[in-house]
Amino acid sequence: MPELPEVTTIVNELKEEIVGKTIDDLEVRLPKMAQGAIGGVQGQKVTSVERRAKLIVIRLSTDNLAIHPKMTGQLFYLPPGKNETIAGEKDGKYTHVVFNFSDGSRLLFNDLRQFGYVKVLSNEQLNKILSEHYGIEPVDPAFTVEKLNGIIKSHPSMRMKALLTDQTIIAGIGNIYVDEALWEAKTHPLTKAGLLTDQEIAALHTGITIVLTDALKYLGTSMDMYRRTTGEKGEYEQHRRVYRRDGQPCPRCKTTIKRITVGGRGTHFCPKEQVQKH
DNA sequence: CGATTCCCCTGATAGC
DNA sequence: TGCTATCAGGGGAATC
């Protein structure tokens with residue numbers, strides 16, 4: 001499931017390939033996956049590729065594409081001439097939207113579960129969505145310990161897992177990295193935000209930073225459908241500490257990692273080091 | 001304001 | 001073998 005490190009990886013790889021190229025034409029094979037005036041992007045040139053929260057934002061001459069991978073969305077870049085397969089990933093039954101660039105290269109949007117989308121937005125619509133639906137970026141210099149402290153204290157009754165996954169509060173962190181960051185900080189996912197001490201908040205800030213930096217270094221986690229734009233996997237799976245490691249020993253204290261469900265999401269933690277406060 | 005539930009969807013897996 | 005029930009999960013909407 002692409003979160004901040006995965007989307008950043010996709011954006012970094014994609015901008016090297018498509019900035020400056022013109023969209024010659026496109027195929028929308030599953031109409032519900034493409035929202036807005038998708039046909040209007042034909043003839044428009046890519047001016048930049050950016051990330052905001054878990055969105056891939058492709059800015060064009062006049063409009064913008066906002067692509068959300070949700071659980072299983074993928075973006076594959078196929079160089080000119082490689083029109084069928086790349087790194088074993090095919091243009092196939094899960095390919096719902098295809099952009100053909102003027103140099104013969106292509107961009108495929110695949111999504112097995114069809115939760116994701118490609119949206120065409122005007123600058124105004126894009127700015128409105130980006131500013132109204134998403135909170136601070138955890139990799140922004142403005143995301144200081146003091147800022148996190150203020151955020152946590154303004155939502156004292158929220159459980160930490162819910163607070164950190166809420167995109168309107170902090171943008172880009174999802175299920176995997178919340179579990180990892182809470183483990184780093186030795187904070188229980190169900191502890192209410194108002195019960196954290198300043199020291200614990202500082203440890204959490206460090207944890208978030210460490211985990212996101214490390215995951216980006218390894219180009220993301222490919223336990224499910226996430227793949228790089230080349231079709232290759234990210235390697236963070238081998239470095240994770242708790243996510244989907246229930247039944248296995250905590251890397252620090254060897255206690256068996258536990259799994260619970262919070263807000264319908266699988267949540268993993270060390271029951272010895274991460275104790276719920278009341 | 002926050003928690004809960006339902007829904008979108010399909011592959012993997014378990015049970016019979 | 002193959003059918004059926006269950007589950008995973010980002011995010012938005014509806015409900016409590």
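These numbers were taken from a predicted model, which means no experiment stands behind them.
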Rounding to the nearest 10°, end axes of the helix from B:dG2-C:dC16 to B:dC16-C:dG2 built from five pairs each make an angle of 50°
Give the ring-plane orientation class for A:Y177 versus A:Y236, where under 30° counts as parallel, over 60° as perpendicular and anything between as tilted.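 A:Y177 vs A:Y236 ring planes: tilted.
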Can you check the [X] [atom1] to [N] [atom2] distance for me, whole Å?
X      : N      : atom1 : atom2 : value
A:K119 : C:dG12 : NZ    : P     : 8 Å
A:I152 : B:dG2  : CD1   : P     : 13 Å
A:M1   : B:dC9  : CE    : C1'   : 15 Å
A:M71  : B:dT10 : CE    : C1'   : 11 Å
A:K54  : C:dG9  : NZ    : P     : 12 Å
A:H68  : C:dG11 : NE2   : C1'   : 7 Å
A:N110 : B:dT10 : CG    : C1'   : 14 Å
A:D224 : B:dA12 : CG    : C1'   : 11 Å

Quick check on DNA chain C: between A:T168 and A:T72, whose nearest nucleotide comes earlier from the 5' end?
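This one resolves to A:T72.
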NA contact type, [X], heavy-atom cut-off 4.0 Å: base, sugar-phosphate, or nothing?
X      : answer
A:K32  : sugar-phosphate
A:K192 : nothing
A:Y94  : sugar-phosphate
A:G174 : nothing
A:Y177 : nothing
A:M158 : sugar-phosphate
A:N175 : sugar-phosphate

Hey, mind stepping through A:D224 and A:R244 against salt bridge (charged side-chain N to carboxylate O under 4.0 Å, His left out) and telling me if it holds? CA-CA 12 Å; A:D224 293 309; A:R244 289 196 198 168; 2.8 Å; yes
When you measure from the side chain of [X], which nucleotide among [options] comes out closest?
X      : options               : value
A:Y134 : C:dG12, C:dG9, B:dT10 : C:dG12
A:Q114 : C:dG9, C:dG11, B:dT10 : B:dT10
A:S157 : B:dA3, B:dG2, C:dG9   : B:dG2

DNA chain B nearest-nucleotide lookup for A:G263 and A:P156: closer to the 5′ end is A:P156
Kindly state whether the pair A:F115 / B:dC9 counts as stacked, where counting means centroids closer than 5.5 Å and planes tilted less than 30° apart. no
Quick one: do [X] and [Y] make a salt bridge, cutoff under 4.0 Å?
X      : Y      : answer
A:R52  : A:E137 : yes
A:K54  : A:E3   : no
A:R227 : A:E232 : no

Sequence neighbours excluded, the answer for side chain to side chain contact (heavy atoms under 4.5 Å, CB included) partners of A:L190 is A:R159, A:H188, A:I260, A:V262, A:Q276
Start with the C-alpha distance between A:E237 and A:R245, add both sets of side-chain angles, then the distance that settles salt bridge (charged side-chain N to carboxylate O under 4.0 Å, His left out), and finish with yes or no.
-> CA-CA 10 Å; A:E237 171 183 350; A:R245 287 195 68 253; over 6 Å; no
Worksheet entry | Charged tip of A:K119 within 45° of A:Y117 ring normal and under 6.0 Å |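 Because its charged atom sits under 6.0 Å from the ring centre and within 45° of the axis, A:K119 does stack over A:Y117.
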Looking at B:dC1, I'd like to know if its phosphate oxygens (OP1 or OP2) sit under 4.0 Å from a side-chain N or O belonging to A:H155.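 For B:dC1, OP1/OP2 do not have a side-chain N/O of A:H155 under 4.0 Å.
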- prompt: Are OP1 or OP2 of B:dA12 and a side-chain N or O of A:R113 less than 4.0 angstrom apart?
  reply: no
